[in-house]
Amino acid sequence: MQYSEGVLNLSRALQFKTVSSSDIKDFDLEEFSSFLDFLRETYPLVHEKLELTMINDYSPVYYWKGSGEDLPILFLAHYDVVPVNEGSWSVPPFSGKIEDGRVWGRGSIDDKNSIIGLMESVEKLLSEGYSPKRSIYLAFGYDEETLGKYGATKIAEYFKENGIRFDYVLDEGGVVTNGDAMGVESDIALIGVAEKSQCNFEFTFTGDQGHSSAPPKSTSIGKMAAFIKDVEDHPREMRLTPPVEEMLGIVGSHKKGFSGFAMRNARALFFAIKKAMASNKQTNALLRTTVAFTITSGGIAPNALPDKAKVVANVRVLQGDTPEDIEKWFKSFNHEFEIKALALEEPTGISPTNTKGFEILKSCIGEVFDNPVVSPYLMIGGTDSRHYGEVCDNIYRFMPCMLTSKDLELMHADDEHITIENFEKMLEFYPLFIKKICG
Ligand SMILES: [Zn+2]
């Protein structure tokens, strides 16, 4: 079987073990350097014609100067990947194996496919002699999976310091997916226009020390458990934000019966639909700030009272709430604890959908895919693009791939792979989009 050069390059890209970790000391930076060398060798025209600035040693920023006056567009992607559990894969996770019409490996749909898709597209446009009116930047993070402190944050600072602003940013995020999960017959393309933020809080509960044979009414662990139960039983209020309202309206217009009517009139009928939406984990997370208690620690011996018990809560903050609101809210439960903020992030702004860029994105999606319903949506997970709010107002998160809800489960999971058909859609989409948006 003969594969295209693009597919072979994706396979090669997947062979670098660019695994990110919560501690920068655990990064195997040689693998990251080798990956960047690989880009240099594989895309000679990009490296000849575009200006390359390396941010913080491992984040390449490519600049393709346009002839016109419009503000540039920025394409984002990341080349770090999450770790693998090697034993549970059916192919070696860093083999880039091509089989069954698929390219297998960690990073194949998150997010080396975007990097290779973009580089292939730009290389091809250059070889055809294309030159854009609007300037183009490509910026690749190397620690997106561990919050982007060294990659995206630094790149965004570089742009800010140099007064570089963008009309549009395009990052990974939504995809084209089958509509049946939403009860719609046609496919749905989701473009992320906002992201919830992540905050982590640590709570410490104090109790009596001593022998467990004469315990107090409640130990530190008992107090902690009561607090957890209280918070879980009284979740934060539900609210409709503009991207969710717009999505419900668009999806609802493709649905018959009462549910379609209720979705189209979500604001007026919110009291009637919120219970159903709260009963589904995914839709619940679209409508409120959520709290997940994720780490606990307490005693050290079965027969000794633990004087301290600790729990960490991972909070996903919805637009309209701030980290301070959430801290106050935790305190309002009136349990006795010490609270420490481990990580605080504000939710992102909401990008408008009435821009020319959004229209062009929509039309390219319609052309490359089978005319799916296109809708904005709120991302409950994070991407690097959230760091760029100060240099761009129109940030769109969309990866031109058709992934069913089952395919989406492959992200961060065993046997991650992309179909060649999907990767070819990416190679079709980016040049088309670049030509339309850059002139
Ligand atoms: Zn990603």
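Just follow the structure's listing: the first ligand is 1, and inside any ligand the first atom is 1.
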Query raised in the report: Are the side chains of F433 and I73 in touch, meaning some heavy atoms are under 4.5 Å apart?
Result: yes
Query raised in the report: With a 4.0 Å cut-off, would you call R288 and D321 a salt bridge?
Result: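 Salt bridge: no.
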Query - Salt-bridge present (R134, D167; N to O < 4.0 Å) - result: yes
Query raised in the report: Would E145 count as a contact for the Zn ion (ligand 1), in the sense that one of its N, O or S atoms lies under 2.8 Å from it?
Result: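 Checking E145: none of its N, O or S atoms is under 2.8 Å.
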Query raised in the report: Strictly under 2.8 Å, is any N, O or S atom of E172 next to the Zn ion (ligand 1)?
Result: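 Looking at E172, which is the residue asked about, there is an N, O or S atom under 2.8 Å from the Zn ion (ligand 1).
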Requested in this report: Please confirm whether the backbone N or O of E345 pairs with a side-chain atom of S197, one donor and one acceptor, at under 3.5 Å?
Outcome: yes
Query raised in the report: Where the Zn ion (ligand 1) is the centre, what is the NE2-to-OD1 angle for H78 and D110, rounded to 10°?
Result: 100°
